[in-house]
Amino acid sequence: MKSLRVQLAAWYLAFFSALFLVLCVLLYGALSGSMQRRLDETLTSDAGTAAKLLQEELEEMHGDAQGAATDILSELQPSGQVIAVLENTTLLAGGTAAQQEQLALAARAALASSRIETVEALPAWGAHGARAAAHRLSYRNRTFTVLAVESLDSIATDLSALRRMIAVALPLLILVAGAGGYVLTRRGLAPLGSMAEQAKRITSQNLDARLEIGRAASELTLLAASFNELLSRLDQSFEAMRRFVQDASHELRTPLAVIRGEADVALSRDRTAAEYRESLATIQQESQRLSRLVDDLLNLARADAGRVQLRMEELYLNDLVAECCRSVQPLAAARQIELECRATGDVPFRGDEMLLRRMVINLLDNAVRYTQPGGKVCATLEPQAADVRIRIADTGIGIAPEATERVFERFYRADESHSRQQDGFGLGLSIVKWIAESHHGGVELSSQPGAGSTFTVRLARQ
Ligand code: ADP
């Protein structure tokens with residue numbers, strides 16, 4: 001596994017090494033170029049000065065070239081460079097015997113050139129050759145060349161000193177840059193290590209813990225914030241799961257206790273057939289309640305796991321609502337509640353018929369159960385352009401404003417005693433909400449305590 005820290009430091013090192021190297025090459029090139037240019041300028045100007053002096057001297061000495069050349073050389077006394085005067089390619093003065101041949105070559109080159117001043121490199125003049133500037137002048141049909149020559153040795157010495165300096169400084173610079181890069185990436189990435197350490201200590205037991213990274217780069221604080229948000233969501237899900245299991249066990253306990261109690265009592269001594277029948281009827285009733293609860297729990301658990309496959313089919317919502325009303329009618333009649341169904345006209349819809357039926361029945365069942373005798377329940381189907389609304393309104397006990405949001409939570413009962421009395425588990429509305437949402441819709445509630453409630457389901461047309 002490659003360490004990000006090492007990788008970043010290596011990239012940093014490679015980048016700076018290349019940068020330093022390019023910089024050194026450019027600097028070296030620029031410096032050696034400028035040294036040579038300066039030398040050439042000096043040589044050109046010295047050759048020019050010497051030529052001017054020679055011209056004057058020739059005038060004064062009436063054409064005695066040898067004398068004039070010797071005179072100007074003793075006058076100039078150049079340091080570090082050689083000034084030579086040649087007539088055509090014959091050396092009159094300046095230079096040693098060894099340099100004579102080269103000087104003659106340089107003068108020939110100068111004569112061949114159309115330019116008055118030329119600068120040429122002279123090979124084999126010292127260890128690194130030499131540069132020369134020539135100035136040509138004519139005096140009474142005679143051609144003279146004044147050469148200023150300087151060996152490149154001193155420039156070469158300076159440049160080699162520079163090279164040595166670069167050779168020592170470059171690795172040092174690279175070393176410092178590498179170490180700096182390592183320290184910087186180490187410091188920059190330190191919060192990641194601390195985050196990993198903290199994350200390792202978080203288990204299902206302390207999901208309320210959060211990552212602390214203090215002051216760090218914005219990317220890392222963003223990462224920590226996202227991680228903390230994830231933890232919050234996990235914490236909420238865990239909490240919801242815990243509550244669900246707790247509530248479910250609690251709800252299962254009551255019917256089981258009734259069944260067991262009833263069986264214990266029936267078996268404690270001999271009973272009459274009527275008594276046994278009564279006990280069995282109670283057990284049957286509680287078992288039915290129990291299997292209804294288990295069905296609901298199973299459905300919700302499947303829905304949570306996203307494992308419910310909707311069986312979509314074409315249906316008529318008006319028929320579906322009318323049939324639901326018909327099946328709740330006996331319960332409404334038994335409770336002397338008027339049940340009205342306003343679902344006329346064909347409303348074609350694509351959805352899961354069984355689930356939609358379950359949803360409408362849950363709402364109608366609630367409306368009837370939570371309405372006093374003499375009250376009224378009305379189911380209305382309202383087709384709209386983009387969706388279809390199913391409205392179930394009752395004139396029942398209503399729901400307090402603080403409970404309107406919570407009635408859709410699992411196991412929540414707005415009116416505990418009443419609801420239990422009505423055989424409710426507090427799961428009906430959460431199932432309604434899930435079914436509506438799985439059809440890309442939702443459910444809304446408006447209610448006034450004492451005056452009644454209206455549940456409006458919105459189903460998107462697919
Ligand atoms: P339950 O099985 O207890 O009825 P629900 O999830 O269907 O569970 O409803 C949750 C709670 O909402 C109920 O306990 C009840 O207090 C309240 N409720 C639901 N429907 C109505 C209604 N039509 N009128 C008044 N209260 C209602």
Side-chain angles (χ1 to χ4, degrees), residues 240 243-244 246-255 258 285-286 288-301 303-304 321 324-325 327-329 331-332 334-341 355-380 389-438 442-457:
R243 226 180 20 229
F244 186 68
Q246 237 171 34
D247 291 342
S249 336
H250 185 77
E251 292 299 331
L252 286 166
R253 229 173 25 207
T254 318
V258 173
Q285 198 185 344
E286 284 305 313
Q288 276 166 0
R289 231 170 88 76
L290 204 57
S291 51
R292 234 178 50 225
L293 172 61
V294 170
D295 274 355
D296 283 354
L297 287 176
L298 206 65
N299 264 317
L300 284 171
D304 282 350
V321 172
C324 292
C325 286
S327 66
V328 178
Q329 185 60 49
L331 180 67
R335 295 179 58 96
Q336 293 145 37
I337 287 165
E338 186 192 339
L339 177 58
E340 192 186 345
C341 183
L355 290 182
L356 291 174
R357 201 178 284 273
R358 175 107 190 258
M359 179 183 78
V360 178
I361 292 216
N362 273 8
L363 289 172
L364 282 173
D365 192 57
N366 275 355
V368 170
R369 282 190 298 133
Y370 296 108
T371 299
Q372 300 91 338
K376 187 177 170 183
V377 170
C378 182
T380 318
R389 309 220 165 149
I390 303 171
R391 206 183 296 282
I392 312 285
D394 62 55
T395 57
I397 59 170
I399 298 169
E402 64 273 14
T404 48
E405 278 301 315
R406 300 202 59 197
V407 287
F408 297 103
E409 286 174 18
R410 289 163 193 190
F411 298 110
Y412 181 81
R413 297 170 171 104
D415 180 346
E416 190 76 23
S417 59
H418 198 106
S419 175
R420 280 192 194 279
Q421 210 181 317
Q422 295 300 327
D423 252 9
F425 297 115
L427 289 176
L429 286 181
S430 23
I431 292 175
V432 166
K433 184 168 179 251
W434 162 65
I435 296 175
E437 283 171 358
S438 61
V443 54
E444 277 164 26
L445 160 65
S446 73
S447 179
Q448 245 187 334
S453 317
T454 303
F455 286 87
T456 309
V457 175

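Just so it is clear, the model here is predicted, and its values are computed rather than measured. Numbering of ligands and ligand atoms starts at 1, following listing order.
The contact set between ligand 1 and Asn366, taken as ligand atoms under 4.0 Å from a residue heavy atom, comprises 4 (O), 5 (P), 7 (O), 9 (O), 19 (C), 20 (N), 23 (N). Close approach of ligand 1 to Tyr412 (heavy-atom distance below 4.0 Å) involves ligand atoms 10 (C), 11 (C). Atoms of ligand 1 found under 4.0 Å from any heavy atom of Ala367 (numbered from 1 in listed order, with element): 23 (N). Near Gly426, meaning under 4.0 Å from any of its heavy atoms, are these atoms of ligand 1: 1 (P), 2 (O), 3 (O), 6 (O), 8 (O). Atoms of ligand 1 found under 4.0 Å from any heavy atom of Leu427 (numbered from 1 in listed order, with element): 6 (O), 8 (O).
Considering both main-chain and side-chain atoms, Arg369 comes within under 3.5 Å of ligand 1 through a nitrogen or oxygen pair. For ligand 1, none of its N or O atoms has an N or O atom of Phe455 under 3.5 Å away. The shortest N/O to N/O separation between Ser430 and ligand 1 does not fall below 3.5 Å.
Put simply, the side chain of Phe455 reaches to within 4.5 Å of the side chain of Leu429, judged on heavy atoms.
Here the closest heavy-atom approach between residue Ile399 and residue Ala414 is recorded as CG2-CB, 4.3 Å. Closest heavy-atom contact between Leu445 and Thr404: CD2-O, 3.7 Å.
A cation-pi arrangement is present between Arg410 and Phe244 under the rule of less than 6.0 angstrom and at most 45 degrees off the ring axis.
Salt bridge status for Arg358 with Asp296: present, with a side-chain N to carboxylate O gap under 4.0 Å.
Within the 4.0 Å heavy-atom criterion, both parts of Ala414, backbone and side chain, lie near ligand 1. With a heavy-atom cut-off of 4.0 Å, Ile399 touches ligand 1 through its side chain alone. Counting heavy atoms under 4.0 Å from ligand 1, residue Thr371 does not touch it at all.
Atom CD of Glu340 sits in a crowded spot, with more than 12 heavy atoms from other residues, nucleotides or ligands closer than 6.0 Å. Counted within 6.0 Å of CD on Gln372, heavy atoms from surrounding residues, nucleotides or ligands total more than 12; the atom is thus considered enclosed. The 12-atom threshold is exceeded at CD of Gln329, counting heavy atoms of other residues, nucleotides or ligands nearer than 6.0 Å.
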